[in-house]
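Residue numbers run from 1 in the order of the sequence given. Everything numeric here is computed off the predicted structure, so don't read it as measured data.
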Amino acid sequence: MNFSEEILKWYQVNKRSLPWRGSTDPYKIWLSEVILQQTRVVQGIPYYLKFVETYPEVGDLARASEAEVLKLWQGLGYYSRARNLHAAAKMVSEQYGGVFPETYGGLLGLKGVGDYTASAIASICFNVPEPVVDGNVYRVLARYFGVDLAINSTEGVKYFKKLAREVMDVGRIRDYNQGIMEFGAIQCVPKSPDCEACPLSESCVALQMKRVGDLPLKLKKTKVRSRYFNYIVFVSKDGRTVLEQRKGKGIWENLWQFPLIESTQKLSQSGFERRFGELNQTVDLVSIDLFNPEAIVHKLSHQHLYTSFWVVRTKEFPMDGISFEEADTYPVPVLIADFLRSFKKSYF
């Protein structure tokens, strides 16, 4: 059985209709690939369409402010992708005259573009014979060839890239790369794939060895860290509140949030009031109420955030405030956006 030939035949019959499919515009392919990192297609499509409508060309994206890009990205998570997207758009506009590099190496030089994204753009847009290796491709290759190497190990990454290069169809690289990714996305799925309907089943090592559920192998993930966030939701007599911008290289860099007290465990009312008093000596308090008695657990890849929103009513602010309507225009984590919607329904 010819592996690449079977992939191509399957792809011609089963490929999905996607907004970027059929395009060889590197801006659109790059945009779709960045959005779909860590994001399911069904969730990513509306964001892709919003970005293309708001920023039809790479120069339009480059001219936007970072805050505007982060706001449009809001809800997709992994916000470093949005910051890198904006930085790379500026590189293309300022260093390449608005034209994307046409080589794998040139594309790798763009901010946030790694091996997979560079391979996808080079092959789909410029027919460069460079194999793509994403999560879907790892799964297909590991199962079909029965590879026992962990896909997130140094040895595994090198081996799978070499294997992908050996089995790719050089002459039809554009369709082949899209085909093998699509095959992994809708045929050779992570859980309970329909192996009876698979055109590769006769030669699939994992199926013959009854190891479909075991492959691909992966090294154990980093231990999940628990953090306890206590957001201070100031509400003044005239209905204003306060947001502050997150700085540094942690989660949600440059996004906006309510003032934060981080603790080592869930705070009681008295515990929060003590911590709040240590930080806010000059606030003219009216009341402090916990908006959500049960902590909201916001799950990130390596962190679980146990979050409490404390509504602090004041007579006057010791600092400048904004209206809650204005707060809606700021780029914020989805955790804050969800709270704002619920809070406004309950309090206004």
Side-chain angles (χ1 to χ4, degrees), residues 65-79 82-83 224-300 303-348:
S65 70
E66 183 181 88
E68 289 169 332
V69 174
L70 289 171
K71 182 64 179 175
L72 202 59
W73 191 271
Q74 186 173 298
L76 267 181
Y78 297 93
Y79 288 88
R83 289 189 293 273
V224 174
R225 173 188 175 197
S226 294
R227 300 175 71 181
Y228 296 85
F229 279 15
N230 298 272
Y231 281 117
I232 305 169
V233 184
F234 284 110
V235 183
S236 69
K237 189 169 58 178
D238 58 354
R240 290 177 298 146
T241 191
V242 173
L243 292 180
E244 60 184 21
Q245 194 171 30
R246 287 185 69 92
K247 295 297 184 182
K249 292 297 181 184
I251 59 171
W252 303 332
E253 180 187 348
N254 292 346
L255 296 185
W256 292 77
Q257 64 179 11
F258 295 105
L260 174 66
I261 294 173
E262 186 167 356
S263 55
T264 56
Q265 59 185 15
K266 190 178 188 301
L267 293 180
S268 64
Q269 180 86 17
S270 60
F272 174 78
E273 289 177 357
R274 184 174 62 254
R275 291 286 303 273
F276 177 82
E278 292 169 358
L279 298 173
N280 297 274
Q281 302 284 345
T282 60
V283 173
D284 193 358
L285 273 178
V286 175
S287 64
I288 298 178
D289 299 297
L290 179 58
F291 181 78
N292 55 304
E294 289 294 321
I296 297 166
V297 185
H298 189 69
K299 295 182 179 181
L300 304 175
Q303 303 180 39
H304 287 178
L305 309 181
Y306 293 81
T307 308
S308 299
F309 290 91
W310 298 87
V311 180
V312 178
R313 294 191 176 277
T314 67
K315 291 180 181 176
E316 296 295 337
F317 273 156
M319 71 288 280
D320 292 333
I322 60 172
S323 70
F324 279 88
E325 287 69 26
E326 192 178 349
D328 283 335
T329 67
Y330 284 68
V332 298
V334 68
L335 175 67
I336 302 292
D338 288 346
F339 166 77
L340 281 168
R341 279 192 292 272
S342 299
F343 181 73
K344 287 192 291 185
K345 286 179 184 176
S346 303
Y347 279 72
F348 295 101

Note to self: Could you check whether any side-chain heavy atom of H298 comes within less than 4.5 Å of a side-chain heavy atom of V334, counting everything from C-beta outward?
What the structure shows: yes
Output a table of donor-acceptor pairs, distance under 3.5 Å, between side-chain atoms of residues 261-269 and any protein atom two or more places apart or on a different chain; print 'none' if there are none.
unit_1	atom_1	unit_2	atom_2	d
E262	OE1	R227	NH2	2.9
E262	OE2	R227	NE	2.8
E262	OE2	R227	NH2	3.4
S263	OG	N230	ND2	3.0
S263	OG	Q265	O	2.7
K266	NZ	P293	O	3.3
S268	OG	S270	OG	3.2
S268	OG	G271	N	3.1
Q269	NE2	E273	OE2	2.9
Q269	NE2	I288	O	2.9

Next item on the list: Find out whether L335 and Y231 are in side-chain contact, i.e. whether some heavy atom of one side chain is under 4.5 Å from a heavy atom of the other.
Entry: yes
Item checked: Value rounded to 0.5 Å, distance of CG in L255 from CD in E244 -> 12.5 Å
Please list every donor-acceptor pair under 3.5 Å in which a side-chain atom of residues 69-77 meets a protein atom from a residue at least two apart or in another chain.
unit_1	atom_1	unit_2	atom_2	d
K71	NZ	Q74	OE1	3.2
K71	NZ	D328	O	2.6
K71	NZ	Y330	O	3.1
W73	NE1	G77	O	2.9
Q74	OE1	V332	N	2.9

Checklist line | Minimum heavy-atom distance F324-G239, with the two atoms named | finding: CD1-O, 3.5 Å
Next item on the list: Spell out, as yes or no, whether a donor-acceptor pair under 3.5 Å connects the side chain of Q245 to the backbone of N254.
Entry: yes
Next item on the list: Return the set of residues passing salt bridge (Lys or Arg N to Asp or Glu O under 4.0 Å) with R275 (not counting sequence neighbours), or none when no residue passes.
Entry: none
Notebook entry, point to check: Among all residues two or more places apart in sequence or in another chain, which pass the side-chain contact (heavy atoms from CB on, under 4.5 Å) test with R341?
Noted result: A337, D338
Check: Looking at residues at least two apart in the chain, or sitting in another chain, which of them share a side chain to side chain donor-acceptor pair (under 3.5 Å) with R313?
Finding: none
Next item on the list: Check whether any side-chain N or O of S323 sits under 3.5 Å from a backbone N or O of R240 as a donor-acceptor pair, and report yes or no.
Entry: no
Checklist line | Closest approach of T329 to E326 (non-hydrogen atoms, all atoms of both residues) | finding: OG1-O, 2.6 Å
Item checked: Euclidean distance, F234 CZ relative to L243 CG, rounded to 0.5 Å -> 11.5 Å
Margin query: When you measure from the side chain of Q303 to the backbone of L300, do you find a donor-acceptor pair of N or O atoms at a distance under 3.5 Å?
Written below: no
Check: So how far is it from E294 CD to T307 OG1, rounded to the nearest 0.5 Å?
Finding: 13.0 Å
Notebook entry, point to check: Are the side chains of W256 and I336 in touch, meaning some heavy atoms are under 4.5 Å apart?
Noted result: no
Margin query: Holding to ring pair (Phe, Tyr, Trp, His ring centres under 6.0 Å), I want the full list of residues that pass it with F339, two or more places apart in sequence or in another chain.
Written below: F258, F291, F309, F343
Item checked: For A67 against P331, the heavy-atom pair lying closest together -> O-CG, 3.7 Å
Margin query: Between R246 and E253, is there a side-chain heavy-atom distance shorter than 4.5 Å?
Written below: no
Margin query: Can you confirm whether I232 sits close enough to W310 that some side-chain heavy atom of one is under 4.5 Å from a side-chain heavy atom of the other?
Written below: no
